[in-house]
Amino acid sequence: MKKVDPKTLEKFAKEKNIDKNKVEKIAESYKGKSEDELIDELVKIGKNLKGKDEIVSKFKNFLEPEQQKKLDSIMTKINNAEVEEKVKKNSKKTKNINKPENDKESPSMSPKKKVKKVKKVKKSSHHRDDPN
């Protein structure tokens, strides 16, 4: 990692309302985990993080080129996970829309067709002949 001016980093953290102690505790909890486990965690966290692109773009300035590539790879995974999540949500909505009402409540029951009862009405002939 490139040399980071602590004052600049602290100013950036304050602007973004980032709690330094909280970040340190989180970092401590990830010690001893594999790189794949860490990337999976980052993807989970990153999916719900607002303004992450701005933070990442500023943070990248402190990284070496190889670290920047790795960060880009992680961001791609996060973006793909977001898209996948949206697709799943939309497909669930579509399935619920296409399901009959009876299936939504009790999926184990077989679907039943609704039958409308129509009352037959006889046409009266005297209305047609009457001009009024």
Side-chain angles (χ1 to χ4, degrees):
M1 195 180 241
K2 293 179 182 178
K3 284 269 185 176
V4 179
D5 176 31
K7 289 182 181 178
T8 305
L9 198 55
E10 281 187 40
K11 181 183 173 192
F12 176 70
K14 284 181 182 177
E15 285 175 8
K16 296 298 170 190
N17 200 23
I18 298 170
D19 183 357
K20 181 183 169 188
N21 294 329
K22 187 176 179 181
V23 171
E24 287 174 352
K25 284 180 186 177
I26 292 169
E28 194 67 33
S29 72
Y30 289 132
K31 281 189 178 175
K33 293 198 176 196
S34 73
E35 186 175 319
D36 288 338
E37 289 174 314
L38 292 174
I39 289 173
D40 289 344
E41 276 301 309
L42 284 172
V43 169
K44 285 179 194 173
I45 293 168
K47 285 192 302 188
N48 303 318
L49 189 63
K50 292 192 182 347
K52 65 182 162 284
D53 293 325
E54 181 186 355
I55 294 170
V56 167
S57 67
K58 289 184 179 181
F59 184 69
K60 272 175 86 170
N61 297 328
F62 300 112
L63 302 176
E64 299 292 333
E66 192 167 314
Q67 293 171 319
Q68 289 179 0
K69 286 179 186 175
K70 195 169 270 190
L71 182 58
D72 287 339
S73 168
I74 293 168
M75 290 306 294
T76 300
K77 288 180 182 182
I78 290 171
N79 289 332
N80 290 344
E82 286 176 329
V83 168
E84 191 176 303
E85 194 172 275
K86 286 178 184 175
V87 167
K88 282 181 183 178
K89 282 182 182 178
N90 287 338
S91 70
K92 283 181 183 177
K93 286 180 184 176
T94 304
K95 285 179 185 175
N96 284 338
I97 290 170
N98 292 334
K99 269 188 176 181
E101 285 299 317
N102 291 343
D103 285 356
K104 286 182 187 175
E105 293 169 7
S106 55
S108 61
M109 295 177 66
S110 61
K112 295 180 180 179
K113 292 183 179 178
K114 287 187 176 183
V115 179
K116 285 187 176 180
K117 292 185 178 181
V118 179
K119 187 175 179 181
K120 289 188 176 183
V121 180
K122 291 184 179 179
K123 295 180 183 178
S124 58
S125 59
H126 73 280
H127 287 291
R128 288 187 194 171
D129 297 334
D130 191 13
N132 291 339

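Since the structure is predicted, the reported quantities are computational estimates derived from the model, not experimental observations.
Ion pairing between Lys70 and Glu35 holds under the 4.0 Å rule for side-chain N and carboxylate O.
Ala81 approaches Val43 most closely through the heavy-atom pair CB-CG1, 3.6 Å. Considering all non-hydrogen atoms of both residues, Leu63 and Gln68 come closest at O-NE2, 3.2 Å. Of all heavy-atom pairs spanning Met75 and Val56, the tightest one is SD-CG2, 3.6 Å.
The salt bridge (Lys or Arg N to Asp or Glu O under 4.0 Å) check on Glu41 picks up Lys44, with sequence neighbours excluded. A search for side chain to side chain contact (heavy atoms under 4.5 Å, CB included) contacts involving Glu84 returns Lys88, not counting sequence neighbours. For Leu42, the side chain to side chain contact (heavy atoms under 4.5 Å, CB included) partners two or more places apart in sequence, or in a different chain, are Ile74. Looking at residues two or more places apart in sequence or on another chain, you find a salt bridge (Lys or Arg N to Asp or Glu O under 4.0 Å) between Glu54 and Lys16, Lys58. In this structure Lys33 satisfies the salt bridge (Lys or Arg N to Asp or Glu O under 4.0 Å) test with no other residue, sequence neighbours excluded. Residues satisfying the salt bridge (Lys or Arg N to Asp or Glu O under 4.0 Å) criterion with Asp40, sequence neighbours excluded, are absent altogether.
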Would you check, one step at a time, whether the test salt bridge (charged side-chain N to carboxylate O under 4.0 Å, His left out) holds for Glu64 with Lys69?
-> CA-CA 9 Å; Glu64 299 292 333; Lys69 286 179 186 175; over 6 Å; no

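Using a 4.5 Å heavy-atom threshold, the side chains of Lys60 and Gln67 count as separate.
Put simply, CG on Asn79 and NZ on Lys77 are 13.0 Å apart, with the number rounded to the nearest 0.5 Å.
Between the side chain of Thr76 and the backbone N or O of Asp72 there is at least one donor-acceptor pair closer than 3.5 Å.
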